[in-house]
Amino acid sequence: MPSGVPQGTPQVRKTCRPSPDPEHPMADPDLTDEVEQTEEERASIRAQRLEKIAGLRQDGVDPYPYRFDRDRTVSAVREQFGDLAAGEETEVVVRLAGRLMLKREQGRLTFGQLRDRSGEVQLFVSAGVLGAERFAEFNHLDRGDWVGVAGTVMTTKKGELSVKVAEFELLSKALRPLPDKWKGLSDVDARYRQRYVDLTVNQDARRVFEVRFAAIEAIRTALRDRDYLEVETPILNLQQGGATARPFITHYNALDMQTYLRIALELPLKRLLVGGLERVFEIGRVFRNEGIDTRHNPEFTMLEAYEAFADYTDMMDLTEQLVAGAALAATGSHVVSVRGVDIDLSPSWRRVSMVELIEEVLGVSIHPSMPVEQARAILDGLGLPSKPSWGAGRCTHEVYDELVEHTVIQPTIVFDHPRETSPLAKPHRRDPSLVERFEVIVDGRELANAYSELNDPVEQLARFQQEAALKAAGDPEAGDVDLDYVRALEFGMPPAGGLGIGIDRLTMLLAGVESIREVILFPTLRPESGLTDADFPSV
RNA sequence: GCCUCUGUGGCCAAGUGGUAAGGCAGCGGACUUUUAAUCCGACGAGCGUGGGUUCGAUCCCCACCGGAGGCACCA
């Protein structure tokens with residue numbers, strides 16, 4: 001037996017099934033099922049691989065060894081030898097490790113594709129080089145196995161850069177086969193649940209996360225270059241606040257207290273401004289107990305940055321620089337293409353006030369300072385429903401949200417929001433019906449949100465109390481009165497600008513994908529049904 | 001939460017009210033420059049789960065489970 005595969009396949013499960021009904025021995029459906037099940041199991045790739053592993057162990061080969069001395073990556077080989085002419089052979093020995101993605105056996109010659117995180121290179125495996133026995137052992141490797149190789153760099157007749165394998169070692173045996181080598185894995189459910197497979201076979205999946213990590217790194221570096229301090233604040237909170245959203249509620253046994261997962265980073269970061277840290281940011285996960293769709297995942301990543309002595313105009317400049325820098329780092333360009341439209345993220349972006357933009361797009365004059373009846377009449381005229389509780393500010397925001405925002409494609413800073421709909425921002429220095437706030441709109445969607453930060457403790461307490469009243473009245477999105485935060489403000493918080501950017505949505509924009517799940521490695525899914533111990537028979 | 005669509009062997013994918021194409025992978029064989037290698041051969045699923053209708057269902061109906069898109073809500 002050349003491969004040393006043990007003979008005598010066990011009779012799977014046969015003995016542990018209930019006996020057939022003695023009354024109807026020939027008609028027992030269970031028995032039929034069982035025979036077929038057994039045959040399927042015996043024929044399964046997984047069962048064959050388990051036997052292969054047993055055979056390797058019998059031959060003294062560890063299918064899961066401990067380490068391998070790689071001396072370079074595939075991309076390093078490509079950089080060094082990329083211009084080698086067709087048919088060249090070098091004396092340079094390289095040691096590479098990666099996953100065997102493809103194998104083409106051809107008699108006494110086998111071609112493989114080895115992939116590491118940097119790229120793929122062909123393996124040229126010759127019986128003449130390895131000897132018949134080692135050559136046969138190479139051919140017993142399976143697509144999907146991790147292998148280490150040593151060999152010389154060469155090119156084939158057709159110019160394909162290859163490593164002529166002189167030695168190889170199995171580094172980890174794959175029990176399950178990779179998806180179709182050409183069609184890949186396209187079932188979205190499987191792609192998200194088994195992201196490890198998705199990342200293995202779908203180059204585009206890997207690309208999206210390279211974009212994501214490059215964007216985050218660029219933002220982090222840019223903020224540190226501006227003397228920002230990166231901090232970490234609690235995820236587990238005893239109070240709900242910092243945004244209007246429904247939280248996840250959990251329980252902390254040691255204190256026997258209800259706790260919340262954070263819905264924003266804002267309040268602890270601004271405490272740090274009180275403490276004199278002056279420039280702080282956090283890139284962190286926040287959690288909102290809301291639905292899932294193409295733009296929402298219950299846990300997502302926010303950047304929040306706060307800068308003392310700055311106001312929202314400074315944050316406008318900062319936002320432009322951060323986003324443009326992230327785009328350049330992640331894609332090599334300031335221009336991204338979204339559904340065939342080029343979007344230019346290079347500074348400076350258009351800046352327009354909310355009321356001016358409404359006027360421009362709809363030809364309608366509405367302002368938070370106008371009488372409520374007048375504002376409501378405008379909504380009626382536009383066919384928008386309104387609620388009796390809304391003031392003119394809420395009406396203005398509604399018009400903007402429903403009819404204006406989605407028309408803005410190129411990056412635009414929309415500033416001066418109604419005070420009524422912005423409870424956390426500082427009142428506008430010239431117009432009490434407004435606050436100093438802006439949002440960045442790109443491709444019809446909000447990408448960033450920023451304020452001149454409210455630092456008046458008396459005003460802040462009043463707003464908290466309003467929220468708490470709403471919460472008491474049953475609004476699950478309303479927050480608590482954070483008295484410690486008010487106390488902090490009473491010690492004095494310097495004037496400051498604050499900025500929030502949704503990292504997931506930024507990544508979607510830069511990577512050109514339409515679903516937030518594409519930019520989250522393990523998006524929230526319902527539990528997988530039907531996966532049990534029985535799916536992992538030991539044969 | 002609601003609406004629409006969807007779920008076929010490890011992966012991709014046809015299909016019909018009459019008892020499951022094909023491809024890839026895997027298995028056996030041939031082949032020392034292939035690139036989704038090629039060629040030959042043998043094998044593998046009763047069609048998400050549970051009911052119902054029917055002489056008979058993968059295909060029709062109901063419920064449930066998973067997924068996608070849309071709506072509502074929000075970043």
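Since we're looking at a predicted model, the values are computed, not measured.
Using a 4.5 Å heavy-atom threshold, the side chains of Asp204(A) and Glu518(A) count as separate.
Comparing atom distances between the Val188(A) side chain and each of rG66(B), rA68(B), rC24(B) picks out rA68(B) as nearest. With distances taken from any side-chain atom of Tyr192(A) to the nucleotides rA75(B), rA68(B), rA13(B), the minimum falls on rA68(B). The side chain of Glu160(A) lies closest to rU34(B), out of rG66(B), rU34(B), rA75(B). Of the candidates rG26(B), rC11(B), rU35(B), the closest approach to any side-chain atom of Asp180(A) belongs to rC11(B). Residue Asp293(A) has its side chain nearest to rC73(B) when only rA37(B), rG69(B), rC73(B) are considered. Among the nucleotides rG70(B), rA13(B), rG66(B), the one closest to the side chain of Arg526(A) is rG66(B). Here the side chain of Ile45(A) is nearest to one of rG67(B), rA25(B), rC11(B), namely rA25(B). The side chain of Gln48(A) approaches rG26(B) more closely than any other nucleotide in the set rU34(B), rG26(B), rA72(B). Closest contact between the side chain of Glu290(A) and the listed nucleotides rU33(B), rC12(B), rA75(B) involves rA75(B). Side chain of Gln113(A), nearest nucleotide from rA36(B), rG26(B), rU35(B): rU35(B).
In this view, Arg246(A) and Asn289(A), Pro476(A), Glu477(A) satisfy the side chain to side chain contact (heavy atoms under 4.5 Å, CB included) rule, not counting sequence neighbours. Scanning for side chain to side chain contact (heavy atoms under 4.5 Å, CB included) contacts around Glu467(A) gives Ala478(A), with sequence neighbours left out. Among residues two or more places apart in sequence or in another chain, the side-chain hydrogen bond (donor to acceptor under 3.5 Å, both in side chains) test is passed with Arg394(A) by Glu398(A). Here Thr319(A) pairs with nothing under the side-chain hydrogen bond (donor to acceptor under 3.5 Å, both in side chains) rule; sequence neighbours left out.
Take the nearest nucleotide of RNA chain B for Thr294(A) and for Lys158(A): the residue whose nucleotide is more 5' is Lys158(A).
Here rA36(B) sits opposite no nucleotide as a Watson-Crick or G-U wobble pair (both hydrogen-bonding atom distances under 3.5 Å). Pair assignment for rG69(B): rC3(B), on the basis of Watson-Crick or G-U wobble contacts that are both within less than 3.5 Å. Nucleotide rC31(B) forms a pair with no other nucleotide shown, judged by Watson-Crick or G-U wobble geometry with both contacts under 3.5 Å. Base pairing annotation: rC59(B) forms no Watson-Crick or G-U wobble pair, as no partner gives both donor-acceptor distances under 3.5 Å. Pair assignment for rU53(B) gives none, since no Watson-Crick or G-U wobble pairing has each distance under 3.5 Å.
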Grab the N/O contacts between the protein and nucleotides 28-32 of chain B below 3.5 Å, and write none if there aren't any.
from: rC31(B); atom 1: N3; to: Gly107(A); atom 2: N; distance (Å): 3.1
from: rC31(B); atom 1: N4; to: Gly107(A); atom 2: N; distance (Å): 3.3
from: rU32(B); atom 1: OP2; to: Arg108(A); atom 2: N; distance (Å): 3.4
from: rU32(B); atom 1: O4; to: Arg108(A); atom 2: NH2; distance (Å): 3.3

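The list of side-chain hydrogen bond (donor to acceptor under 3.5 Å, both in side chains) pairs with a residue in residues 435-450 of chain A, not counting sequence neighbours, reads Arg339(A)-Asp443(A), Ser422(A)-Arg437(A), Arg429(A)-Glu436(A), Glu436(A)-Ser452(A), Arg437(A)-Glu439(A), Arg437(A)-Asn449(A), Arg445(A)-Glu514(A).
Stacking between Phe111(A) and rA37(B) is absent: the aromatic ring centre is not both under 5.5 angstrom from the base six-membered ring centre and within 30 degrees in plane angle.
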